[in-house]
Colleague: 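Below you'll find the structure I mean.
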Amino acid sequence: MFFCPYCKHHKKKLSVNVDKDFFKCWVCDTSSRAIRRLVRRFGSYHQLQTWDELNGKTDISTFDEIFDFKHVSEPLQRISLPDEFVTLTGTDHPVSAQHVKKYLEKRDISREDVLSWKIGYCVRGPYEGRVVVPSFDDEGYVNYFVARAYDNNWRKYMNPSLSKDIVFNQLYVDWDSDVTLVEGVFDAIKAGPNSIPLLGSTLRENSKLFQEIVKHDAAVFVALDPDAEKKSLRMIKTLLSYGIETYKVDISGYEDVGEMTKEEFLKRKEASTPVNPESFMMEEALNRL
């Protein structure tokens with residue numbers, strides 16, 4: 001038992017099991033299946049080196065050294081929601097909301113999901129007939145939104161012509177907990193709290209999201225669509241190369257996470273085990289056959 005560096009409780013409430021490579025605080029409930037994450041975040045450089053030597057792992061450089069930062073101030077991406085946007089977070093909804101609500105119910109999106117993701121819709125204008133899910137930066141400003149057709153429009157998505165190099169809904173990301181990476185917004189809604197949509201199926205090393213993951217040393221659950229298996233493996237390989245605690249969620253039997261029930265996804269996520277370099281190399285080799 002140790003003092004918890006997360007909640008700083010005055011008693012030793014952090015339980016560490018070296019044999020099982022697991023730690024858990026019985027006050028703030030912080031836990032992980034990799035003790036190295038704890039040593040890396042709160043230990044000294046020497047302590048991390050010692051831990052890696054004991055475990056036969058190589059050292060990872062500091063965040064600044066990894067990305068060779070050039071401290072250049074970039075303009076923040078901020079936009080306004082469509083003028084025709086109607087929020088569904090209130091209690092009184094116009095008649096036009098009935099079709100949207102039925103669509104969301106059909107996709108197993110609850111009232112709590114609507115409130116959490118600040119979901120709305122448009123019945124006229126450029127985004128007519130679309131559910132709109134906004135993204136908020138870490139200061140609470142809208143920096144992107146996804147507009148998905150609910151009226152069988154041939155064009156499913158019609159998003160703003162802006163950079164996707166953002167952390168979608170960064171305002172609500174808890175970097176002290178594990179994060180789940182999925183492809184789309186509706187996948188993220190099903191995957192539950194702390195799920196981040198990539199708005200695609202790739203994660204570049206120089207992207208804002210990747211840098212935030214490494215900076216905060218967040219454990220990552222990768223849950224891409226089965227048809228993006230090769231991209232998923234490349235992503236896992238990159239995360240492992242930076243010493244990130246990485247898990248791969250089994251999505252087999254479904255086209256994507258959005259098709260799953262929340263209960264089924266949580267069950268599969270909890271059954272995931274950390275990807276280690278040895279098991280990863282084997283899976284990568286089998287995938288090439």
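Heads up: numbering here begins at 1 and tracks the sequence. Only this structure's heavy atoms are used, side chains among them; waters, hydrogens and symmetry mates stay out.
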Colleague: More than 12 heavy atoms of other residues, nucleotides or ligands under 6.0 Å from CZ of R111: is that the case?
Modeller: yes
Colleague: For the side chain of T246 and the backbone of I244, is there at least one donor-acceptor N/O pair under 3.5 Å apart?
Modeller: yes
Colleague: Passes side-chain contact (heavy atoms from CB on, under 4.5 Å), C7 versus T30? Steps please.
Modeller: CA-CA 9 Å; C7 67; T30 300; over 6 Å; no
Colleague: Begin from the C-alpha positions of I213 and W175 and carry the test side-chain contact (heavy atoms from CB on, under 4.5 Å) through to its verdict.
Modeller: CA-CA 8 Å; I213 288 171; W175 295 110; 4.0 Å; yes
Colleague: Evaluate I119 against I189 for side-chain contact (heavy atoms from CB on, under 4.5 Å), listing each step before the verdict.
Modeller: CA-CA 11 Å; I119 298 175; I189 294 173; 4.1 Å; yes
Colleague: Do K248 and E229 sit within salt-bridge range, that is, some charged N less than 4.0 Å from a carboxylate O?
Modeller: yes
Colleague: V179 versus D174: any side-chain heavy-atom pair under 4.5 Å?
Modeller: no
Colleague: Output yes when a side-chain donor or acceptor of R130 lies under 3.5 Å from a complementary backbone atom of K156, and no otherwise.
Modeller: yes
Colleague: How far apart are the closest heavy atoms of V182 and A191, and which atoms are they?
Modeller: CG1-CB, 4.2 Å
Colleague: Before you tell me yes or no, could you show the steps for Y121 and Y103 under ring pair (Phe, Tyr, Trp, His ring centres under 6.0 Å), namely the whole-Å CA-CA distance, both residues' side-chain angles and the distance that decides it to 0.1 Å?
Modeller: CA-CA 11 Å; Y121 69 102; Y103 171 79; over 10 Å; no
Colleague: Hydrogens and angles aside, do D113 and S116 bring a side-chain donor and acceptor to less than 3.5 Å of each other?
Modeller: no
Colleague: Inspect the surroundings of OH in Y141 and state if more than 12 heavy atoms from other residues, nucleotides or ligands are less than 6.0 Å away.
Modeller: no
Colleague: Less than 4.5 Å apart, side chain to side chain, heavy atoms only: is that true for L199 and N159?
Modeller: no
Colleague: Say you draw a straight line from CG of D108 to NZ of K262; how long is it, rounded to the nearest 0.5 Å?
Modeller: 5.0 Å
Colleague: Considering all heavy atoms of both residues, which atom of L209 and which atom of V167 are nearest to each other, and what is their separation?
Modeller: CA-CG2, 3.7 Å
Colleague: Please check if the distance between the ring centroids of F145 and F85 is under 6.0 Å.
Modeller: no
Colleague: Tell me whether F2 at atom CZ has more than 12 heavy atoms from other residues, nucleotides or ligands lying less than 6.0 Å away.
Modeller: no
Colleague: Measure from the side-chain N and O atoms of R148 to the backbone N and O of V131, and report whether any donor-acceptor pair falls under 3.5 Å.
Modeller: no
Colleague: Quick one: closest heavy-atom pair of I251 and A223, and the distance?
Modeller: CD1-CB, 4.1 Å
Colleague: Hey, what do you get for OG (S201) to NZ (K230), rounding to the nearest 0.5 Å?
Modeller: 13.0 Å
Colleague: When you group the ILVMFWY residues by side-chain heavy-atom contacts below 4.5 Å and let the links chain together, are V27 and F23 in the same group?
Modeller: no
Colleague: Just so I know, are the side chains of P160 and Y127 near enough to count as touching, which here means a heavy-atom distance under 4.5 Å?
Modeller: yes
Colleague: Going by the angle between their ring planes, with limits at 30° and 60°, are Y247 and F221 parallel, tilted or perpendicular?
Modeller: parallel
Colleague: Answer yes or no: is there a donor N or O on one side and an acceptor on the other, between the side chain of H93 and the main chain of L88, under 3.5 Å?
Modeller: yes
Colleague: Does R204 use its side chain to pair, donor to acceptor, with the backbone of D165 at less than 3.5 Å?
Modeller: no
Colleague: Tell me whether E264 is salt-bridged to R268, with the criterion being a basic N under 4.0 Å from an acidic carboxylate O.
Modeller: yes
Colleague: Could you check if a side-chain atom of F186 sits within less than 4.5 angstrom of a side-chain atom of I109, using non-hydrogen atoms only?
Modeller: yes
Colleague: Assigning hydrophobic clusters by single linkage (Ile, Leu, Val, Met, Phe, Trp, Tyr; side-chain heavy-atom cutoff under 4.5 Å), is I35 placed with W26?
Modeller: no
Colleague: To the nearest 0.5 Å, what is the distance between OG (S232) and NZ (K237)?
Modeller: 13.5 Å
Colleague: Is the closest side-chain heavy-atom distance between E84 and R124 below 4.5 Å?
Modeller: yes
Colleague: Any side-chain hydrogen bond (donor to acceptor under 3.5 Å, both in side chains) pairs touching residues 3-20, not counting sequence neighbours?
Modeller: none
Colleague: Is the shortest heavy-atom distance from the side chain of L14 to the side chain of L38 under 4.5 Å?
Modeller: yes
Colleague: Picking from L224, L240, T202, what satisfies side chain to side chain contact (heavy atoms under 4.5 Å, CB included) with M235?
Modeller: L224
Colleague: Yes or no on salt bridge (Lys or Arg N to Asp or Glu O under 4.0 Å) for D137 and R78, after CA distance, side-chain angles and deciding distance?
Modeller: CA-CA 8 Å; D137 64 21; R78 288 175 178 171; 3.1 Å; yes
Colleague: To the nearest 0.5 Å, what is the distance between CG on L181 and CZ on F168?
Modeller: 14.0 Å
Colleague: Excluding sequence neighbours, so at least two apart, what forms salt bridge (Lys or Arg N to Asp or Glu O under 4.0 Å) with E105?
Modeller: none
Colleague: Under 4.5 Å between any side-chain heavy atoms of D151 and H99, yes or no?
Modeller: no
Colleague: Tell me if a side-chain donor or acceptor on D225 pairs with a main-chain N or O of D227 at a distance below 3.5 Å.
Modeller: no
Colleague: Counting C-beta onward and ignoring hydrogens, is there a side-chain heavy-atom pair between V249 and V257 closer than 4.5 Å?
Modeller: no
Colleague: If two hydrophobic side chains count as joined below 4.5 Å and joins carry through other members, does F42 share a cluster with W51?
Modeller: yes
Colleague: With distance as the sole test, does Q77 use its side chain to make a donor-acceptor pair with the main-chain N or O of S163 at under 3.5 Å?
Modeller: yes
Colleague: How long is the straight-line distance from CG of N143 back to CD of Q170, given to the nearest 0.5 Å?
Modeller: 8.0 Å
Colleague: Does one hydrophobic cluster hold both I79 and Y157, with members joined at side-chain heavy-atom distances below 4.5 Å?
Modeller: yes
Colleague: Kindly compute the distance separating CG (N169) from CG (N194), expressed to the nearest 0.5 Å.
Modeller: 11.0 Å
Colleague: Quick one, S135 with I166, criterion side-chain contact (heavy atoms from CB on, under 4.5 Å). Give me CA distance, side-chain angles, the key distance, then yes/no.
Modeller: CA-CA 9 Å; S135 166; I166 60 169; 3.8 Å; yes
Colleague: Verify the cluster assignment for F265 and L198: are they in a single hydrophobic cluster under the rule of side-chain heavy atoms below 4.5 Å apart?
Modeller: no
